[in-house]
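Remarks on the structure that follows.
Side chains included, hydrogens not; waters and symmetry mates left out as well; all remaining heavy atoms used.
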Amino acid sequence: MGLGKTLQSISILAYHYEYLKIQGPHLIAVPKSTLSNWMNELKRWCPALRAIRFHGSREDREQMIEQYFTKEAAAHDGKRPARQIMDEHGELVDDNSETPRQWDVCVTTYEVCNTEKKTLQMFGWKYLIIDEAHRLKNDASMFSQTVRSFRTSNRLLLTG
């Protein structure tokens, strides 16, 4: 039976988005086997957060880097737009038209973190969430060294 770590992690990001008006960037590093689950849960529990799945072939990742991981996107401060618009149902809608970053949360695997280290190091992450973080026990491991090189405001390590 699950302990709700995924949902609790998403709730932290939702709190930052809704109350602190910070929309990221956040990085979630997960085992490949749980990547789809994380994407589904983000969409289900906090659809306002724009999540991208950073995974795939080298060509797919290169295309994503060109589209999503630009220097302008890395320079964005992570604050939500000041303009607030209401839709026809009275719901608050953010106008992200002036935001150079098209996403709030990047979900990826340990292997992609290692492979695309230079790209991910460009960003100052608000939250780095590592699922199954017991993998970091070995300080000499490549993944452990990679995530220690990232600039982060907060780190959340999940383990069963």
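The shortest side-chain heavy-atom distance between Asn154 and Leu128 does not fall under the 4.5 Å cut-off. Put simply, the side chain of Thr109 reaches to within 4.5 Å of the side chain of Leu35, judged on heavy atoms. You'll find the side chain of Ile129 stays beyond 4.5 Å of the side chain of Leu27, heavy atoms only. Looking only at side-chain heavy atoms (C-beta outward), Arg101 and Glu72 stay at 4.5 Å or farther from each other.
Here the CZ atom belonging to Arg148 is positioned 7.5 Å from the CZ atom belonging to Arg155, to the nearest 0.5 angstrom. Rounding to the nearest 0.5 angstrom, the gap separating the NZ atom in Lys43 from the CD1 atom in Ile10 is 13.5 Å. Interatomic distance, CG of Asn114 versus OG1 of Thr146, reported as 4.0 Å (0.5 Å rounding). Expressed to the nearest 0.5 Å, how far SG of Cys46 lies from NE2 of His16 amounts to 12.5 Å. Considering CE of Met142 and CD of Gln145, their distance stands at 8.5 Å, rounded to 0.5 Å. We find the NE2-OG distance between His26 and Ser153 to be 9.5 Å, quoted to the nearest 0.5 Å.
Criterion: ILVMFWY side-chain heavy atoms under 4.5 Å apart, direct or through other members. Under it, Leu158 and Ile28 are part of a common hydrophobic cluster. Phe150 and Val107 fall into different hydrophobic clusters, defined by Ile, Leu, Val, Met, Phe, Trp and Tyr side-chain heavy atoms under 4.5 Å apart, directly or through other members. The same ILVMFWY cluster, assembled from side-chain heavy atoms under 4.5 Å apart, contains both Leu7 and Leu42. In the hydrophobic clustering of this structure, Ile22 groups with Tyr15; members are Ile, Leu, Val, Met, Phe, Trp, Tyr whose side-chain heavy atoms approach within less than 4.5 Å, directly or through other members. A single hydrophobic cluster is not seen to contain both Ile12 and Ile130; linkage of ILVMFWY side chains at heavy-atom distances under 4.5 Å, directly or through other members, places them apart.
With Thr108 contributing its side chain and Ala29 its backbone, the two residues share no donor-acceptor pair below 3.5 Å. Judged by distance alone, the side chain of Ser144 and the main-chain N or O of Ala140 form no donor-acceptor pair under 3.5 Å. Formation of a donor-acceptor pair under 3.5 Å by the Arg53 side chain with backbone atoms of His55 is not found in this model. Checking side-chain atoms of Thr34 against main-chain N and O of Val30 turns up no donor-acceptor pair under 3.5 Å. Proximity of a side-chain donor or acceptor of Thr115 to a complementary backbone N or O of Val112 within less than 3.5 Å is not detected. Using a distance-only test at 3.5 Å, with no hydrogens or angles considered, a donor-acceptor pair links the side chain of Thr70 to the main chain of Ala73. In this structure, Asp104 contributes its side chain and Gly24 its backbone to no donor-acceptor pair below 3.5 Å.
When the side chain to side chain donor-acceptor pair (under 3.5 Å) test is applied to Asn37, no partner is found at least two apart in sequence or on another chain. Partners of Asp60 according to the side chain to side chain donor-acceptor pair (under 3.5 Å) rule, which considers only residues two or more places apart in sequence or in another chain, are Ser57.
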Intermediate values then yes/no, side chain to side chain contact (heavy atoms under 4.5 Å, CB included), Leu136 and Ser141: CA-CA 7 Å; Leu136 296 174; Ser141 74; 5.5 Å; no

From CA spacing to verdict: side chain to side chain contact (heavy atoms under 4.5 Å, CB included), Leu49, Leu13: CA-CA 8 Å; Leu49 284 172; Leu13 302 182; 3.8 Å; yes

Are Gln63 and Glu66 close enough, and set up right, to give a side chain to side chain contact (heavy atoms under 4.5 Å, CB included), and what steps lead you there? CA-CA 5 Å; Gln63 185 177 16; Glu66 285 180 26; 5.8 Å; no

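Contact check on Arg61 versus Glu116 returns a salt bridge, with a Lys/Arg side-chain nitrogen under 4.0 Å from an Asp/Glu carboxylate oxygen.
Just one of Trp38, Trp103, Phe69, Tyr68 meets the ring pair (Phe, Tyr, Trp, His ring centres under 6.0 Å) condition when paired with Phe54; it is Phe69.
Across every non-hydrogen atom of Glu132 and His134, the tightest pair is OE1-CE1, 2.9 Å. The two residues Ala133 and Leu157 have their closest heavy-atom pair at CB-CB, 3.6 Å. When all heavy atoms of Glu18 and Ala48 are compared, the pair lying nearest together is OE2-CB, 4.4 Å.
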Residues 117-127, side-chain donor-acceptor partners within the protein, below 3.5 Å, at least two apart:
residue : atom : partner : partner atom : Å
Gln121  : NE2  : Ser149  : OG           : 2.7
Trp125  : NE1  : Leu120  : O            : 3.0
Lys126  : NZ   : Asp77   : O            : 3.4

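Enclosure of atom CD in Glu111 by more than 12 non-hydrogen atoms of other residues, nucleotides or ligands within 6.0 angstrom is indicated.
Taking the six-membered ring for Trp and thresholds of 30 and 60 degrees, Phe143 and Tyr110 have ring planes inclined between 30 and 60 degrees apart.
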